[in-house]
Amino acid sequence: MTRLHLTRLQPQAWWYTNHLLMRVKDDLPAKEQKQIKFLKGSQRRCKKWQLVKGAAEFKQNLIALTSESESNGLLTLKKAKVGDCKLNCEFLGNKIGQQTVYLKNQGTASGKHNFSSYLSLSLENNILYLWQKQGGAIKTLYKVDMFKLEDDKPVSVPEDKRAVLSSELNVRGRFAQNSTTAALYKLKAFKKKRQKAKSVKEEAKEYVPEIQLQDPGDVKAELTVKGSSLTLTVNGQKLCQRQIKEQAAGGVALESGLWPKPAQYR
């Protein structure tokens, strides 16, 4: 029997059980990895889907699709033939990683073959993409950075730098060796804070913080497709309404992946 040092895994509170089991599996010798049994949840819902890669747990209206290590997870809906449709979904989890919904997909997907055509809505590292694939060509129908979409008071890079320097001077003032030095640092901080810095409105580059692994990034999306007409609403905002090339009815698939892996089945 293999002994595992579980503290080395550093499990996080937001992990689903299958995520932890996948990490445990990675630490096992190849001959013992088949002993890991992943949770499936609702058997009734599970039977409607075909698991191609990874592990999937079904909990009420939630599907937790865990990707394989250094790869992706893929789940396809059995006997699905979607034409005109209205998709309501919620991408749950952290900002880092990717989750994709494929609609009207044709062909099969595995580690070696891609869907031949589809419409897809994908959230990748907090950027939402809407793609269409036809005749082997992939077209970006819409793209939006969720940080910029939700940021109603954009801060420029110069403004952020000014705020950081002002805070640093204030900290130095609090830990100064004497009151005179402390007063000088506070004066410098005050002057720095009042210093003019170019804003986003003045065409300065917007400050976008680096995504942290634990940053939550839930996104609600509604995608309506009727013939050649498409409408996309995200978090209650109608973002895209346009004409597209009509596609034949097709399947439904879900994909997940860990950063920095892109959607594998495009």
Side-chain angles (χ1 to χ4, degrees), residues 12-14 67 72 87-102 119-133 137-174 185-224 230-244 255-264 266:
Q12 304 298 319
W14 61 82
S67 61
N72 294 25
L87 168 72
N88 281 287
C89 66
E90 187 170 5
F91 297 105
L92 302 176
N94 297 333
K95 292 178 180 179
I96 287 183
Q98 72 91 359
Q99 301 179 69
T100 304
V101 179
Y102 294 94
L119 275 172
S120 72
L121 187 62
S122 186
L123 184 63
E124 301 190 10
N125 298 336
N126 209 37
I127 298 178
L128 189 71
Y129 299 90
L130 179 60
W131 281 297
Q132 182 178 35
K133 182 177 181 181
I138 301 173
K139 180 179 181 180
T140 302
L141 302 177
Y142 188 76
K143 173 185 175 181
V144 62
D145 186 321
M146 293 305 300
F147 174 81
K148 293 183 178 181
L149 180 67
E150 297 164 352
D151 186 17
D152 56 353
K153 294 181 179 180
V155 174
S156 70
V157 171
E159 287 172 331
D160 177 72
K161 185 177 180 180
R162 179 186 63 188
V164 170
L165 290 175
S166 177
S167 296
E168 182 181 332
L169 290 167
N170 272 317
V171 170
R172 289 187 180 186
R174 286 201 297 271
Y185 273 122
K186 289 182 179 180
L187 179 60
K188 287 182 178 181
F190 176 76
K191 288 182 177 180
K192 175 59 67 175
K193 188 175 181 180
R194 291 178 61 86
Q195 191 177 78
K196 176 65 177 175
K198 203 171 183 180
S199 67
V200 174
K201 288 184 178 180
E202 295 170 318
E203 299 184 353
K205 185 178 180 181
E206 182 178 357
Y207 169 71
V208 179
E210 287 189 15
I211 301 173
Q212 302 301 312
L213 186 62
Q214 70 275 13
D215 289 348
D218 297 351
V219 174
K220 292 183 179 180
E222 180 182 289
L223 180 63
T224 303
L230 177 148
T231 303
L232 174 64
T233 301
V234 178
N235 290 345
Q237 299 184 55
K238 185 181 287 187
L239 300 181
C240 177
Q241 188 167 11
R242 57 169 295 165
Q243 296 298 112
I244 61 171
E255 183 186 14
S256 68
L258 294 175
W259 179 87
K261 293 289 183 180
Q264 183 172 335
R266 286 201 295 274

K.L.:
Donor-acceptor check, side chain of Arg242 to backbone of Leu141, threshold 3.5 angstrom: yes or no?
P.N.:
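Pair found, side chain donor or acceptor close to backbone of Leu141.
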
K.L.:
What is the minimum heavy-atom distance between Trp131 and Thr140, and which atoms define it?
P.N.:
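The pair with the smallest heavy-atom distance is NE1-OG1, 3.1 Å.
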
K.L.:
List the residues meeting side-chain hydrogen bond (donor to acceptor under 3.5 Å, both in side chains) with Gln195, not counting sequence neighbours, and say none if there are none.
P.N.:
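Result, side-chain hydrogen bond (donor to acceptor under 3.5 Å, both in side chains) vs Gln195: Lys192.
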
K.L.:
Any idea which heavy atoms bring Glu255 and Asn72 closest together, and the distance?
P.N.:
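Closest heavy-atom pair between Glu255 and Asn72: OE2-ND2, 2.6 Å.
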
K.L.:
Heavy-atom distance under 4.5 Å between the side chains of Leu128 and Leu149, does that happen here?
P.N.:
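They are not in side-chain contact.
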
K.L.:
Could you pull out all residues at least two apart from Glu202 that satisfy salt bridge (charged side-chain N to carboxylate O under 4.0 Å, His left out)?
P.N.:
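If we apply the salt bridge (charged side-chain N to carboxylate O under 4.0 Å, His left out) test to Glu202, skipping adjacent residues, the hits are Lys196.
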
K.L.:
Distance check, rounded to the nearest 0.5 Å: Lys238 atom NZ versus Leu232 atom CG?
P.N.:
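If I round to the nearest 0.5 Å, the distance is 10.5 Å.
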
K.L.:
Between Asp160 and Tyr207, what is the shortest heavy-atom contact and its length?
P.N.:
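What the structure gives for the nearest pair is OD2-CE1, 3.5 Å.
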
K.L.:
Would you check if the side chain of Asn235 reaches a backbone N or O of Lys220 as a donor-acceptor pair within less than 3.5 Å?
P.N.:
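Here the side-chain-to-backbone pair exists.
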
K.L.:
How long is the straight-line distance from CG of Asn88 back to CD of Glu222, given to the nearest 0.5 Å?
P.N.:
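Nearest 0.5 Å value for the CD-CG distance: 4.5 Å.
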
K.L.:
Given 3.5 Å as the limit, does a donor-acceptor pair link the side chain of Glu90 with the main chain of Asp218, or not?
P.N.:
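Looks like no, no N/O pair under 3.5 Å.
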
K.L.:
How many angstroms lie between atom NZ of Lys143 and atom CG of Leu239, to the nearest 0.5 angstrom?
P.N.:
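Reported value, rounded in 0.5 Å steps: 14.5 Å.
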
K.L.:
Please report the shortest heavy-atom distance between Leu123 and Gly217, naming the atom on each side.
P.N.:
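Nearest heavy atoms, Leu123 then Gly217: CD2-O, 3.9 Å.
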
K.L.:
Look only at the side chain of Thr231 and the backbone of Thr224, and say whether a donor-acceptor pair between them is shorter than 3.5 Å.
P.N.:
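No, because the side chain of Thr231 does not come within donor-acceptor range (under 3.5 Å) of the backbone of Thr224.
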
K.L.:
Rounded at 0.5 Å granularity, tell me how far CG in Leu165 sits from NZ in Lys191.
P.N.:
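Nearest 0.5 Å value for the CG-NZ distance: 15.5 Å.
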
K.L.:
Looking only at heavy atoms, what is the nearest atom pair of Pro154 and Glu159, with distance?
P.N.:
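Looks like O-OE1, 4.3 Å.
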
K.L.:
Just by distance, no angles: are the side chains of Glu124 and Tyr129 close enough, under 3.5 Å, to form a donor-acceptor pair?
P.N.:
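No, no side-chain donor-acceptor contact under 3.5 Å.
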
K.L.:
Let me see the working for Leu223 and Leu130 under side chain to side chain contact (heavy atoms under 4.5 Å, CB included), right down to the final yes or no.
P.N.:
CA-CA 10 Å; Leu223 180 63; Leu130 179 60; 4.1 Å; yes

K.L.:
Flag the pair Asp215 / Asn126 as yes when at least one side-chain heavy-atom distance between them is below 4.5 Å, and no otherwise.
P.N.:
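SC-SC contact between Asp215 and Asn126 ruled out.
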
K.L.:
Heavy-atom distance under 4.5 Å between the side chains of Ser122 and Gln98, does that happen here?
P.N.:
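They are in contact (side-chain heavy atoms under 4.5 Å apart), so the answer is yes.
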
K.L.:
On a heavy-atom basis, which atom in Pro216 and which in Asn94 lie closest, and how many Å separate them?
P.N.:
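Looking at all heavy atoms of both residues, the shortest contact is CA-OD1, 3.9 Å.
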
K.L.:
With a 4.5 Å cut-off on side-chain heavy atoms, are Val234 and Met146 touching?
P.N.:
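Yes, close enough: below the 4.5 Å cut-off.
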
K.L.:
Roughly how far, to the nearest 0.5 Å, is CG of Asp145 from CD of Glu150?
P.N.:
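Reported value, rounded in 0.5 Å steps: 9.0 Å.
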
K.L.:
Please round to the nearest 0.5 Å and tell me the distance separating atom NZ of Lys95 and atom CD1 of Ile211.
P.N.:
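Between atom NZ of Lys95 and atom CD1 of Ile211 there are 7.0 Å.
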
K.L.:
Short question: side chain of Ser166, backbone of Ala189 - any donor-acceptor pair under 3.5 Å?
P.N.:
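Checking the backbone N and O of Ala189 against the side chain of Ser166, a donor-acceptor pair under 3.5 Å is found.
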
K.L.:
Excluding sequence neighbours, so at least two apart, what forms ring-ring contact (aromatic ring centres under 6.0 Å, His included) with Phe147?
P.N.:
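Here no residue qualifies.
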
